[in-house]
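Presented below is the structure to which this report refers.
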There are 2 protein chains.
Amino acid sequence: MPGTAPQSGTAASPAPSARPACGGQVSHAIARVARAHRTTAGHLLRRLGLYAGQELLMMRLWEAGPQRQSELIKLLELDPSTVTRMVQRLEQAGLISRCAHPGDRRAVLVETTPAGEALREEVEQVWRDLEERTVAGLTEADRAELSRLLSLLERNLTAG
Amino acid sequence: MPGTAPQSGTAASPAPSARPACGGQVSHAIARVARAHRTTAGHLLRRLGLYAGQELLMMRLWEAGPQRQSELIKLLELDPSTVTRMVQRLEQAGLISRCAHPGDRRAVLVETTPAGEALREEVEQVWRDLEERTVAGLTEADRAELSRLLSLLERNLTAG
DNA sequence: TCCATTATGTTGGCTGGCCAAGTAATGAGC
DNA sequence: GCTCATTACTTGGCCAGCCAACATAATGGA
């Protein structure tokens, strides 16, 4: 019961939100970490004129070059409608351009503009900073272990 | 300046064989796991008439009883506007009710309705299922290690 | 050749979540 | 009492992301 002495004070010696067993130990932790992570990324990216999530699309284009939207959807594992709108906004922002696919009139080819290309270094720097900040204080062994465990979780959660 | 060098001071000894480390090893993993986790939770909750995120608010109310909105904001670490709308929707769904705080005419007291209370067991079961599914195949030691590492990440990311 | 199936993308509608700006009530200081 | 900062909450606007329904185009089979 949280009713016991919620009166702030000095008792907060351990972790701030000391939340003993309330069912979803790891689940809660994942959710909290992920939100903080996304928020941090969002703040860093906003100075570049991007919103969290958009940088992943740009990164794919930088790495793999012009692609059809369907390819981006597969790679990013997003809903088609999400990518459609993201592409629309990035196009309006002048960072990417769309053109018809020669040979498949259904498809849309997406590619970066010079302005989009110009962001590459900064965005990659943001991600390096973010990663560094995220795993600060962890040993190499810790990082490897964390990657291993997260991979297991991802397999668990994408299986069904 | 950052030229073409692989950057990063720490040696990337772990083979970047298949998935070339594009900067955010852990960052990417966190993002992917969290999205899968949230999506899974969303699917499970939808059968109960809830959206991902709403269950956390309900859980707080179940555990701590009627509360002012400002308290929920602090506990959930959400933006005030987010909570306002979440509360509006949950009220419209008949799961919670709002009433004026006696003694502070600014504040709003939020409490569960019988319909909201009736969801408690099912939602808690969903979270148990979700947790079980998330950490399936991990040993007790793995789970403890994962919790420890995630706590460190959270501290890193909420520090700034 | 024609038709059903599949692939590609779009729009509408709904949510969580944030920021910025604004209203109303409280409380501290003078 | 009066002023002013703080607190509590709301609204408008914007984004990511999902589902459902849709129109178009390519493909495969009869």
Side-chain angles (χ1 to χ4, degrees), chain A residues 31-32 34-58 67-93 95-96 98-110, chain B residues 31-32 34-59 67-93 95-96 98-110 158:
Chain A
R32 295 167 67 87
R35 200 150 58 76
H37 185 266
R38 190 179 177 84
T39 299
T40 303
H43 285 149
L44 294 174
L45 288 167
R46 234 174 45 165
R47 292 186 295 218
L48 306 180
L50 289 177
Y51 290 87
Q54 296 182 336
E55 86 280 14
L56 296 173
L57 196 153
M58 295 302 294
Q67 275 169 82
R68 18 168 69 191
Q69 226 167 274
S70 58
E71 209 58 37
L72 290 172
I73 291 165
K74 278 179 208 151
L75 288 169
L76 300 171
E77 296 179 86
L78 290 174
D79 191 87
S81 62
T82 298
V83 174
T84 290
R85 276 156 183 146
M86 218 183 275
V87 164
Q88 288 172 346
R89 284 162 185 149
L90 287 170
E91 185 182 27
Q92 189 154 18
L95 302 178
I96 64 179
R98 304 166 14 147
C99 60
H101 182 110
D104 191 339
R105 280 188 294 177
R106 298 170 298 178
V108 173
L109 270 186
V110 183
Chain B
R32 294 167 67 87
R35 199 150 60 77
H37 185 267
R38 189 180 178 87
T39 298
T40 303
H43 286 149
L44 294 173
L45 289 167
R46 234 173 47 164
R47 294 186 296 217
L48 306 180
L50 290 178
Y51 291 85
Q54 295 182 335
E55 86 280 14
L56 297 173
L57 195 153
M58 296 302 295
M59 282 170 157
Q67 277 170 81
R68 19 168 68 191
Q69 226 168 272
S70 58
E71 209 57 38
L72 290 171
I73 290 166
K74 278 179 208 151
L75 289 168
L76 299 171
E77 298 179 88
L78 289 174
D79 191 87
S81 61
T82 298
V83 174
T84 290
R85 278 158 181 145
M86 220 183 273
V87 163
Q88 287 172 344
R89 284 160 185 153
L90 286 169
E91 185 182 26
Q92 189 156 16
L95 300 178
I96 66 178
R98 304 167 13 148
C99 58
H101 182 108
D104 192 340
R105 280 187 294 177
R106 298 171 299 178
V108 173
L109 270 185
V110 183
T158 54

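Chain letters run A, B, ... following the sequence lines, proteins first and then strands; every chain starts at 1. Just the heavy atoms: all of them, side chains too, but no hydrogens, waters or symmetry mates, feed the values below.
Atom CD in Glu91(B) sits about 14 Å away from atom C1' in dT10(D), given to the nearest Å. Rounded to whole angstrom, the span from the CG atom of Leu76(A) across to the P atom of dA16(D) amounts to 12 Å. Computed from coordinates, the Leu45(A) CG to dC14(D) C1' distance equals 16 Å when rounded to whole Å. Distance CG (Leu72(A)) to P (dG17(D)): 13 Å, rounded to an integer number of Å. Rounded to a whole Å, the CE atom of Met86(A) is 9 Å from the C1' atom of dC15(D). Taking atom CD on Gln88(A) and atom C1' on dG17(D), their separation rounds to 14 Å, with Å as the unit. What separates NE2 of His101(B) from C1' of dT10(D) is a distance of 19 Å, to the nearest Å. The interatomic distance linking Arg89(A) (CZ) with dG17(D) (C1') rounds to 10 Å, in whole Å.
Note on His43(B): only backbone sugar-phosphate atoms sit closer than 4.0 angstrom, heavy atoms only; bases stay farther off. At a threshold of 4.0 angstrom between heavy atoms, the contacts of Glu71(B) with the nucleic acid are absent. Using a 4.0 Å heavy-atom distance criterion, Ser81(A) is classed as a base contact. At a threshold of 4.0 angstrom between heavy atoms, the contacts of Ile73(A) with the nucleic acid are absent. Among the atoms of the strands shown, base atoms are found under 4.0 Å from some heavy atom of Arg85(B).
Of the possible polar contacts, none joining the Gln88(A) side chain to the Met86(A) backbone as a donor-acceptor pair under 3.5 Å is found. With hydrogens and angles ignored, the 3.5 Å screen pairs a side-chain donor or acceptor of Glu55(A) with a backbone N or O of Gly53(A). The backbone N or O of Val108(B) lies less than 3.5 Å from no partner atom in the side chain of Arg98(B), so there is not a single donor-acceptor pair.
In this model, the phosphate group of dA16(D) is approached by a side-chain N or O of Gln54(A) to a distance below 4.0 Å at OP1 or OP2.
Where DNA chain C meets chain B (any atom under 4.0 Å from a heavy atom), the bounding nucleotides read 5' to 3' are dT15(C) to dT26(C).
Comparing Arg35(A) and Arg68(A) by the nucleotide of DNA chain C whose heavy atom lies nearest to each, the residue mapping closer to the 5' end is Arg68(A). Residue-to-nucleotide proximity on DNA chain C shows that, of Leu109(A) and Leu78(B), the 5′-proximal contact is made by Leu109(A).
To the nearest 0.5 Å, atoms CD1 (Ile96(B)) and CG (Leu109(B)) are separated by 11.5 Å. Here the CG-CE distance, from Leu90(B) to Met58(B), works out to 6.0 Å after rounding to the nearest 0.5 Å. Rounding to the nearest 0.5 Å places CD of Gln67(B) at 11.5 Å from CD1 of Ile73(B).
Using a cut-off of 4.0 Å between Lys/Arg side-chain N and Asp/Glu carboxylate O, Arg35(B) and Glu77(A) are scored as not salt-bridged.
Residues Leu57(B) and Leu78(B) form no side-chain contact, since every pair of their non-hydrogen atoms from C-beta on lies 4.5 Å or further apart.
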Protein-nucleotides 22-28 of chain D N/O pairs under 3.5 Å:
unit_1: dA26(D); atom_1: OP1; unit_2: Arg105(A); atom_2: N; d: 2.7
unit_1: dA26(D); atom_1: OP2; unit_2: Arg105(A); atom_2: NH2; d: 3.4

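The two residues Gly42(A) and Ala52(A) make their nearest non-hydrogen contact at CA-CB, 4.2 Å.
Counting distance only, with no hydrogens placed and no angle test, the side-chain atoms of Ser70(B) and the base atoms of dC9(D) include no donor-acceptor pair under 3.5 Å.
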Steps toward side chain to side chain contact (heavy atoms under 4.5 Å, CB included) verdict (Val87(B), Gln69(B)): CA-CA 9 Å; Val87(B) 163; Gln69(B) 226 168 272; 4.1 Å; yes
